[in-house]
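See structure below.
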Amino acid sequence: EAGASVLLLRACLALLAWPVYLLNLLGLWEPFCRKVFFPYILEKIGAAHEKKSKKHKQELFRNLPDFRGPSGQLRLLEIGTGSGTNFQFYPEGCRVTCTDINPHFQQSLSKSMKKNQHLHYEQFLVAAAEDLHQVPSGSVDAVVCTLVLCSVQSISGTLREVLRVLRPGGAFYFLEHVAAEHSSWMYFWQQVCFPTWKLVFAGCCLTRELWKNLEEAKFSELKIQHISLAMPWMPIEPHIVGYGVK
């Protein structure tokens with residue numbers, strides 16, 4: 001439970017970020033954040049995060065070809081594609097369907113697509129992770145989701161959709177930042193930053209214990225590794241990485 005010092009520091013942080021809170025009160029922050037700020041900041045933070053996570057992603061996606069369907073093709077659905085930073089890790093000839101709730105990543109997404117012409121891009125859907133009704137049940141071999149579960153409305157709803165669209169034997173790949181150990185300073189700062197961070201970064205929650213949700217979902221096999229990615233001045237060091245098989 002948030003103690004007095006957490007609440008006091010939260011108030012100080014809110015004072016520092018008062019222009020954002022004011023814009024939010026006037027209903028102006030959300031559209032600005034979605035169209036301009038978030039795509040811009042995600043590209044900047046994304047580049048730093050990409051450097052730190054690159055070797056983990058190479059390791060994570062190494063066995064993607066093992067999940068090719070009976071046709072020999074790999075049909076992959078990415079949830080929260082953003083600017084397409086994962087494309088470089090997908091195997092040659094992979095058929096990719098991209099989804100994102102935010103349609104304003106077009107510029108950086110086209111750049112990534114041009115860079116990664118070893119893939120077939122099937123379609124781009126503007127959709128929330130919890131509602132992928134445009135994707136038929138059992139139609140994909142792999143689902144990928146990186147740094148997305150922190151901001152979905154419903155984690156269990158998202159994982160239900162993941163399991164629905166995967167064919168039996170298909171795999172769900174994830175790399176997500178999570179809550180720190182409760183007794184740590186990192187967790188203290190995650191609690192302090194929580195409300196302001198969530199507002200500034202389009203609904204991103206710092207203290208989700210996502211490994212618990214993954215363990216509760218109905219995967220027949222689940223591999224989760226807890227890792228640490230040092231991001232200077234950012235309370236998002238603890239991560240989980242792994243995959244689950246339907």
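Count residues from 1 along the sequence.
Side chain to side chain, Asn86 and Thr146 meet the donor-acceptor criterion of an N or O pair below 3.5 Å. Between the side chains of Gln190 and Thr207, no donor N or O sits under 3.5 Å from an acceptor N or O. Defined by atom type and a distance below 3.5 Å, a donor-acceptor pair is present between the side-chain atoms of Glu209 and His182.
The minimum heavy-atom distance linking His120 with Gly93 is given by the pair CD2-O, 3.4 Å. The shortest heavy-atom contact between Glu130 and Thr158 is CG-OG1, 3.5 Å. What you find for Ala127 and Leu132 is that their closest heavy atoms are CB-CD2, 4.3 Å. The minimum heavy-atom distance between Met186 and Pro238, with the atom names listed, is CG-CD, 4.2 Å. Summarising the geometry of Ala217 relative to Leu163, their closest heavy-atom pair is CB-CD1, 4.4 Å, with the distance given to 0.1 Å. For the pair Leu159 and Asn213, the tightest heavy-atom approach, listed with the atom from each and the gap, is CD1-O, 3.7 Å.
Side-chain contact between Arg95 and Val140: absent, with no pair of heavy atoms (C-beta onward) separated by less than 4.5 Å. Using a 4.5 Å cut-off on side-chain heavy atoms (C-beta onward), Gln88 and Glu50 make contact. Side-chain contact between Arg208 and Val152: present, with at least one pair of heavy atoms (C-beta onward) separated by less than 4.5 Å. Residues His177 and Cys204 meet the side-chain proximity criterion, which asks for heavy atoms closer than 4.5 Å. Using a 4.5 Å heavy-atom threshold, the side chains of Met234 and Trp197 count as touching. Under the 4.5 Å side-chain criterion, counting only non-hydrogen atoms from C-beta, Phe89 is not in contact with Leu60. Under the 4.5 Å side-chain criterion, counting only non-hydrogen atoms from C-beta, Pro91 is in contact with Leu74. Counting only heavy atoms from C-beta outward, the side chains of Leu206 and Cys193 approach each other to under 4.5 Å.
One distance of note links CG of Leu147 with CD1 of Ile236; it measures 7.0 Å at 0.5 Å rounding. Atom-to-atom distance recorded for Arg75:CZ and Leu166:CG is 10.0 Å, nearest 0.5 angstrom. In this structure, the separation between NZ on Lys246 and CZ on Arg167 is 10.0 Å, given to the nearest 0.5 Å. A distance of 8.5 Å separates CG of Leu9 from CG of Leu13, quoted to the nearest 0.5 Å. His239 contributes atom NE2, which lies 7.0 Å from atom OG of Ser53 (distance to the nearest 0.5 angstrom). Here OG1 of Thr97 is found 5.0 Å from CD of Glu122. Values are rounded to the nearest 0.5 Å.
Using a cut-off of 4.0 Å between Lys/Arg side-chain N and Asp/Glu carboxylate O, Lys223 and Glu221 are scored as salt-bridged. Taking the charged nitrogens against the carboxylate oxygens, Asp141 and Arg68 have no contact shorter than 4.0 Å, which rules out a salt bridge. Between Arg34 and Glu30, at least one side-chain nitrogen of the basic residue sits less than 4.0 Å from a carboxylate oxygen of the acidic one, meeting the salt-bridge criterion. By the 4.0 Å N-to-carboxylate-O rule, Glu161 lies close enough to Arg164 to be salt-bridged with it. Look at Glu43 and Lys111 and you find a salt bridge, because one of the NZ, NE, NH1 or NH2 atoms lies within 4.0 Å of a carboxylate O, short of that distance.
A donor-acceptor pair is defined here as one N or O able to donate and one able to accept, closer than 3.5 Å; such a pair exists between the side chain of Thr81 and the backbone of Thr99. A donor-acceptor pair under 3.5 Å is absent between the side-chain atoms of Ser184 and the main chain of Ala180, judged by distance alone. Without hydrogens or angle criteria, Gln117 side chain to Lys114 main chain gives a donor-acceptor distance under 3.5 Å. Looking only at distances, a side-chain donor or acceptor of Trp29 sits under 3.5 Å from a matching main-chain atom of Leu199. In this structure, the side chain of Ser112 engages the main chain of Ser83 through a donor-acceptor pair within 3.5 Å. A donor-acceptor distance shorter than 3.5 angstrom exists from the side chain of Ser220 to the backbone of Val245, with no hydrogens or angles considered. Between the Glu78 side chain and the Val144 main chain, no donor and acceptor come within less than 3.5 Å of each other. Judged purely by atom type and a 3.5 angstrom limit, His226 has no side-chain atom pairing as donor or acceptor with the backbone of Ile224. Between the side chain of Arg10 and the main chain of Pro195, no donor-acceptor pair closer than 3.5 Å is present. Not one N or O on the side chain of Asn116 forms a donor-acceptor pair closer than 3.5 Å with the backbone of His118.
Note on Met231 and Phe194: same hydrophobic cluster, where clusters join Ile, Leu, Val, Met, Phe, Trp and Tyr whose side-chain heavy atoms are under 4.5 Å apart, directly or indirectly. Cluster annotation: Leu149 is connected to Val135 through the hydrophobic network of ILVMFWY side chains, with a link wherever side-chain heavy atoms come within less than 4.5 Å. Linking Ile, Leu, Val, Met, Phe, Trp and Tyr residues whenever their side-chain heavy atoms come within less than 4.5 Å leaves Leu77 and Leu109 in two separate clusters. Put simply, Phe38 and Val148 are part of two different groups of oily side chains (I, L, V, M, F, W, Y) that touch within less than 4.5 Å, one to the next. No path of Ile, Leu, Val, Met, Phe, Trp and Tyr side chains, each step under 4.5 Å between heavy atoms, connects Tyr40 with Phe105, placing them in separate hydrophobic clusters.
Between Phe174 and Phe172, the two ring planes are tilted [angle within 30° to 60°]. Aromatic ring orientation, Phe37 versus Phe201: tilted (interplanar angle from 30° to 60°).
Phe61 pairs in a ring pair (Phe, Tyr, Trp, His ring centres under 6.0 Å) with only one of the listed residues (Tyr243, Tyr173, Phe87), which is Tyr173. Thr85 pairs with exactly one of Lys54, His49, Lys57 by the side-chain contact (heavy atoms from CB on, under 4.5 Å) rule, that one being Lys57.
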Trace of the side-chain contact (heavy atoms from CB on, under 4.5 Å) decision for Ile227 with His56: CA-CA 9 Å; Ile227 60 169; His56 294 288; 3.7 Å; yes
Quick one, Val96 with Cys98, criterion side-chain contact (heavy atoms from CB on, under 4.5 Å). Give me CA distance, side-chain angles, the key distance, then yes/no. CA-CA 6 Å; Val96 184; Cys98 305; 4.0 Å; yes
For a side-chain contact (heavy atoms from CB on, under 4.5 Å) check, start with the C-alpha distance between Tyr187 and Glu181, then their side-chain angles and the critical distance, and finish with the verdict. CA-CA 6 Å; Tyr187 187 68; Glu181 185 62 51; over 6 Å; no
Does the side-chain contact (heavy atoms from CB on, under 4.5 Å) test come out yes or no for Leu76 and Leu64, once each step is laid out? CA-CA 9 Å; Leu76 185 146; Leu64 256 177; 4.0 Å; yes
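Taking the six-membered ring where the residue is Trp, the centroids of Tyr21 and Trp18 are separated by 6.0 Å or more.
By the neighbour-count criterion of 12 heavy atoms within 6.0 Å, atom CD of Gln153 is sparsely surrounded, having that number or fewer from other residues, nucleotides or ligands.
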